[in-house]
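To start, the structure itself, in structure tokens.
All figures in this text were calculated on a predicted structure; none of them were measured in a lab. Positions are given from 1, in the same order as the sequence printed here. Values reported hereafter were calculated over all heavy atoms of this structure, with side chains retained and with hydrogens, waters and symmetry mates removed.
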Amino acid sequence: MRRLATYDDAANLVDLCQRIVETIARPFEHRGMQLGMGVSVGVATFDACPPSDLLICADIALYEAKAAGRNTFRIYEAANPIKGLGSGLQEPRIPLSN
């Protein structure tokens, strides 16, 4: 298993989120059956919200990812207000296949 590196820039964080979604979406075999899973990912970073609100910010991003469809992610960014919540989300830069 690969250790997580430091994701100190947005491009690396987007790449990590995309790899998580793509890896979990790969079909696999279990007891002779082909199975598949999907995932929605919400991410918040310490520079986007205070530590006390980190889980709340990640949860907001997660719900936005779920609303956008299956197998996607959203990254919370406080600088981009959305839906009057004072939250912000970064759209993935590369479209993900469903």
Side-chain angles (χ1 to χ4, degrees):
M1 179 179 273
R2 234 169 76 174
R3 284 188 64 197
L4 291 179
T6 301
Y7 289 91
D8 54 359
D9 70 35
N12 286 336
L13 185 55
V14 168
D15 180 60
L16 173 64
C17 292
Q18 184 174 353
R19 285 188 292 125
I20 290 169
V21 170
E22 290 172 351
T23 299
I24 291 176
R26 287 186 198 139
F28 62 96
E29 189 173 319
H30 178 69
R31 296 184 179 182
M33 295 174 52
Q34 192 76 354
L35 303 173
M37 293 189 295
V39 65
S40 297
V41 177
V43 177
T45 60
F46 285 109
D47 59 339
C49 57
S52 60
D53 293 338
L54 198 60
L55 292 178
I56 293 168
C57 295
D59 199 41
I60 291 168
L62 174 60
Y63 278 94
E64 289 293 328
K66 288 179 178 184
R70 296 175 180 220
N71 296 321
T72 192
F73 63 91
R74 293 292 181 266
I75 300 170
Y76 181 91
E77 287 186 346
N80 298 324
I82 189 168
K83 293 185 181 176
L85 296 175
S87 66
L89 299 165
Q90 176 178 330
E91 297 286 329
R93 294 186 176 110
I94 302 169
L96 302 175
S97 59
N98 289 335

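Taken to the nearest 0.5 Å, the CG atom of Asp15 stands 8.5 Å off from the CD atom of Glu22. Atoms CG and OG1, from Leu13 and Thr45 in turn, are 7.0 Å apart once rounded to the nearest 0.5 Å. The CZ atom of Arg19 sits 12.0 Å away from the CD1 atom of Ile24 when rounded to the nearest 0.5 Å. Rounded to the nearest 0.5 angstrom, Cys49 SG and Leu54 CG are separated by 5.0 Å.
Applying the side-chain hydrogen bond (donor to acceptor under 3.5 Å, both in side chains) test to residues at least two apart or on different chains, none of the pairs has a partner in residues 50-60.
The side chain to side chain contact (heavy atoms under 4.5 Å, CB included) test applied to Met33 returns Leu35, not counting sequence neighbours. With sequence neighbours excluded, the residues satisfying side chain to side chain contact (heavy atoms under 4.5 Å, CB included) with Gln34 are Pro27, Glu29.
Between Leu62 and Val41 there is no side-chain heavy-atom pair separated by less than 4.5 Å. Contact of the Glu64 side chain with the Tyr76 side chain is not registered, since no non-hydrogen atoms from C-beta on lie closer than 4.5 Å.
Heavy-atom minimum distance, Val39 versus Val21: CG1-CA, 3.7 Å. Ser40 and Ala65 make their closest contact through CB-CB, 4.3 Å (heavy atoms, listed as atom of the first residue, atom of the second, distance).
Defined by atom type and a distance below 3.5 Å, a donor-acceptor pair is present between the side-chain atoms of Thr72 and Arg74.
Other residues, nucleotides and ligands contribute at most 12 non-hydrogen atoms within 6.0 Å of the CZ atom of Phe46.
Phe73 is connected to Ile20 through a chain of hydrophobic side-chain contacts under 4.5 Å among Ile, Leu, Val, Met, Phe, Trp and Tyr, so both are in one cluster.
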